[in-house]
Undergrad: 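Input: one structure, supplied below.
Chain letters run A, B, ... following the sequence lines, proteins first and then strands; every chain starts at 1.
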Amino acid sequence: MSDDSRNEADQRRRKLGELRRRGDAYPNTFRREDLAAELAIAYGDLSKEALAEAPVEAAVAGRVMLRRVMGKASFITLEDLSGRIQCYVRRDDVGEDAYADFRRLWDLGDIAGVRGTVMKTNTGELTVHASEVGLLVKSLKPLPEKHHRLSDQELRYRQRHLDLIVNEESRQVFRTRARLVTAMRRFFDERGFLEVETPMMHPIPGGATARPFVTHHNALDTKLYLRVAPELYLKRLVVGGFERVYEINRCFRNEGLSPRHNPEFTTVEFYQAFADYVDLMDLTEELLRELIRDIRGGTSLTFEGREIDFGPAIPRQRMTSAVATEIGIAEGDLMDEARLGELARALNIPVESAWGWGRVLMETFEARVEANLIEPTFITQYPIEVSPLARKSADDPRLTDRFELFVAGREIANGFSELNDPEEQADRFARQAELKNRGDLEAMHYDKEFLAALEHGMPPTAGEGIGIDRLAMLLTDSSTIRDVVLFPQLRGTGGDES
RNA sequence: GGGUCGUUAGCUCAGUCGGUAGAGCACCGGGCUUUUAACCCGUUGGUCCUGGGUUCGAGCCCCAGACGGCCCA
């Protein structure tokens, strides 16, 4: 590399070389004493004159985001975890050598420390007037363009650090997500729920109908599955006497990537003994109102240009009623298996011969109703055929006491009164095993261990899962899950098989 | 998996009818001691995603592929 290279990376490396020659190029001796936002709160309201009369010492540090050099005086803007602060660097204040270095060796993106006094400029901007400046870290790669920042979506996900450096909105999304999780923990803790951690690796995948990831344990020489849901373990804890439990953690499903699906995603799953699915719908409304008040303020949020209000009671509608209304037929007509099958075929919904009435109803619902549920809506009474862990409805053995919550056309939550009759659960597992034998890759395994736990007696219980990523999407107005997952799965990041 | 749009300088993007590759920011050199995406002057920087094809000539047209966005399954 020659000194006259015009390549920016070469120039930065040349500058680093010069820093190395004169000593420690990566010092860790500067001690920051003030954050940008703290200075703004403490002194932002004082006048230029007041600050000049009673000088305040400050020491700030952060990444150099803007730089304006005017001969023998300059302004730089540093960004730290709290925000931005401008610094005023004058040759006559920091000394000729330091100022020459500052001009020659500093670049946008470097990390610097500035010590000085707090002042206001003629235009009223709070500024640290430097008495001492130090380059703490030389950044060897140029930052994205300062006006437009980084907008290439793929680059934003693959180099999330860059996205976070230059895109304040992106940082804000992940702060909001963290607040969401914190608020959710507080909500459950306050109500006597115990936070637990159950296995991520299961000998038998269970708790949801989904394709699992498979791995292998060498010492045990056995297959293990990354969990698709924590449900069966959480219920074993309820059997054990932890009558209110919750878990916030990752689940894994071996399915396609889409704006709504990442192979690993985060859910909160919670169980409450001596409660039913209606209690959980009530609790869910309470939870959502609290989260929205904490994070957005008020009762509503804006998503994809629409205001969605969680203030009013969330309507609850039976699945058959929702489908009948959407298609414009009598609810009674849906109850007949043959007639529903004809209807589905007429609507171009692919129906497989092995499907019973419940599966056809579910597919029809997903194809025709789901996307239209923009306002928050609970859909209830899911078919037993697609709900192998849910309690049968008292008034119709083909249905279960189950609900899902939809917002903006997306499933946000899924809950039900739990099936706690071990013999009926054994029958349901047997039916799933049959489907699996017939080639249904998503069907559940027959889980003897779980049945053994149920046989000890699980109190009447209701349980629910809520997708944290999807909730974060709603609360940050993000239309793709990749914007709320720090490192989303992308093609070509799968390891060494490519 | 299908459809569709895209891939040009480190970043954000133009590129007309097929005829020598452009701008802003960043970088380099110069000027400027209260600037505000600082400004002014002068430079540098290109595997136009890849591989074929058509053509006297391809960033542009055709074919195949890679990667990505969006829509659908």
Undergrad: For nucleotides 37-40 of chain B, list the nitrogen or oxygen atoms of the protein found under 3.5 Å from its nitrogen or oxygen atoms, one pair per line.
TA:
residue, atom, partner, partner atom, Å
B:A38, OP1, A:Lys146, NZ, 2.6
B:A38, OP2, A:Arg68, NH1, 2.5
B:A38, N6, A:Val69, O, 3.0

Undergrad: Distance check, P atoms only: B:G2 and B:A64, in whole angstrom units.
TA: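 Going atom to atom, P in each nucleotide, I get 12 Å.
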Undergrad: In whole angstrom, give me the gap between the P atoms of B:C61 and B:U16.
TA: 9 Å
Undergrad: Only pairs with both distances under 3.5 Å count, Watson-Crick or wobble alike; so what is the partner of B:A66 in this structure?
TA: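 WC or wobble partner is B:U7.
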Undergrad: Mind checking the P distance from B:G15 to B:C67? Whole angstroms is fine.
TA: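 Going atom to atom, P in each nucleotide, I get 27 Å.
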Undergrad: For B:U16, give the paired nucleotide (Watson-Crick: N1-N3 plus N6-O4 or O6-N4; G-U: N1-O2 and O6-N3; both under 3.5 Å), or none.
TA: none
Undergrad: Whole angstrom is fine here: how far is it from CD in A:Glu96 over to C1' in B:U33?
TA: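 My rounded result for the distance is 13 Å.
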Undergrad: Within the 4.0 Å heavy-atom criterion, would you say A:Asp92 contacts the bases, only the backbone, or no part of the nucleic acid?
TA: base
Undergrad: RNA chain B: A:Trp106 or A:Pro144, which has the more 5' nearest nucleotide?
TA: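 Final value for this comparison: A:Pro144.
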Undergrad: Give a yes/no on whether any side-chain N or O of A:Ser151 is located under 4.0 angstrom from OP1 or OP2 of B:U12.
TA: yes
Undergrad: Nearest whole angstrom, please: distance from the C1' of B:C71 to the CG of A:Leu257.
TA: 16 Å
Undergrad: Taking the minimum atom-to-atom distance to the side chain of A:Arg91, which one of B:U35, B:C27, B:U33 wins?
TA: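 For the A:Arg91 side chain, the nearest candidate turns out to be B:U33.
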Undergrad: Among residues at least two apart in sequence or on other chains, which ones pass side-chain contact (heavy atoms from CB on, under 4.5 Å) with A:Ser258?
TA: A:Arg260, A:His261
Undergrad: Any side-chain N or O of A:Lys15 less than 4.0 Å from the OP1 or OP2 oxygen of B:C28?
TA: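 Looking at the OP1 and OP2 atoms of B:C28, one of them is under 4.0 Å from a side-chain N or O of A:Lys15.
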Undergrad: What residues form a side-chain contact (heavy atoms from CB on, under 4.5 Å) with A:Arg431, not counting sequence neighbours?
TA: A:Asp427
Undergrad: With both distances under 3.5 angstrom, what nucleotide forms a Watson-Crick or G-U wobble pair with B:C61?
TA: B:G53
Undergrad: Does A:Arg158 make a side-chain N or O approach to OP1 or OP2 of B:C67 shorter than 4.0 Å?
TA: no
Undergrad: Let me know the distance between CE of A:Met119 and P of B:U35, rounded to the nearest Å.
TA: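 Going from CE in A:Met119 over to P in B:U35 covers 10 Å.
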Undergrad: Figure out the CG/P separation between A:Asp10 and B:A9, and round it to whole Å.
TA: 18 Å
Undergrad: Rounding to a whole Å, what distance do you find between A:Leu78:CG and B:U35:P?
TA: 19 Å
Undergrad: Considering only atom P, compute the distance from B:G68 to B:G29 and round it to an integer number of Å.
TA: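 Here B:G68 and B:G29 have their P atoms 39 Å from each other.
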Undergrad: Got a sec, which residues hit salt bridge (Lys or Arg N to Asp or Glu O under 4.0 Å) with A:Glu132, two or more places apart in sequence or on another chain?
TA: A:Arg115
Undergrad: I'd like the P distance from B:C56 over to B:C39, given in whole Å.
TA: 49 Å
Undergrad: Of all the nucleotides listed (B:U33, B:U35, B:C28), which has the minimum atom distance to the side chain of A:Gln11?
TA: B:C28
Undergrad: Counting only heavy atoms from other residues, nucleotides and ligands, does the tally under 6.0 Å from CZ of A:Arg175 exceed 12?
TA: yes
Undergrad: Would you call A:Asp93 and A:Ser131 a side-chain contact if the rule is heavy atoms closer than 4.5 Å?
TA: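 No, their side chains stay 4.5 Å or more apart.
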Undergrad: Sequence neighbours left out, what passes salt bridge (Lys or Arg N to Asp or Glu O under 4.0 Å) with A:Glu411? Give chain and number order.
TA: none
Undergrad: Taking A:Lys120 for the side chain and A:Gly44 for the main chain, is one N or O donor matched with an acceptor at less than 3.5 Å?
TA: yes
Undergrad: Judged by each residue's nearest nucleotide on RNA chain B, which is more toward the 5′ side, A:Asp152 or A:Thr480?
TA: A:Asp152
Undergrad: Could you please name the partner base of B:U35, counting Watson-Crick and G-U wobble pairs only when both distances are under 3.5 Å?
TA: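 Its partner is none (no Watson-Crick or G-U wobble pair with both distances under 3.5 Å).
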Undergrad: Say we look at B:U12 and B:G51: how far apart would their P atoms be, to the nearest angstrom?
TA: 23 Å
Undergrad: Should B:C48 form a Watson-Crick or G-U wobble pair with both distances under 3.5 Å, which nucleotide is its partner?
TA: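 B:C48 is unpaired by these criteria.
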Undergrad: Would you list the pairs meeting salt bridge (charged side-chain N to carboxylate O under 4.0 Å, His left out) in which at least one residue belongs to residues 63-73 of chain A, sequence neighbours left out?
TA: none
Undergrad: I'd like to know if A:Gln86 reaches the base of B:U35 with its side chain, counting only an N/O donor and acceptor under 3.5 Å.
TA: yes
Undergrad: To the nearest Å, give me how far apart CE (A:Met65) and C1' (B:A26) are.
TA: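 To the nearest whole Å, that distance equals 13 Å.
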Undergrad: Regarding A:Arg103, tell me which of base, sugar-phosphate or nothing describes its non-hydrogen contacts under 4.0 Å with the strands shown.
TA: base
Undergrad: Mind checking the C1' distance from B:U55 to B:G19? Whole angstroms is fine.
TA: 12 Å
Undergrad: Measure CG/A:Leu126 against P/B:U35 and give the value in whole Å, please.
TA: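 Atom-to-atom, A:Leu126 to B:U35, this comes out as 16 Å.
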Undergrad: Students often mix this up, so state it plainly: with edges at 30° and 60°, are the rings of A:Trp106 and A:Phe102 parallel, tilted or perpendicular?
TA: perpendicular
Undergrad: Whole-Å distance between B:U35 P and A:Lys120 NZ?
TA: 16 Å
Undergrad: Would you mind classifying the nucleic acid contact of A:Arg149 as base, sugar-phosphate or nothing, using non-hydrogen atoms under 4.0 angstrom?
TA: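 Sugar-phosphate: the residue A:Arg149, judged by heavy atoms under 4.0 Å, touches backbone atoms but no base.
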Undergrad: C1' atom, B:A9 versus B:A21: distance in rounded Å?
TA: 10 Å
Undergrad: Does the distance from a Lys or Arg side-chain N to an Asp or Glu carboxylate O, for A:Arg149 and A:Glu169, drop under 4.0 Å?
TA: yes
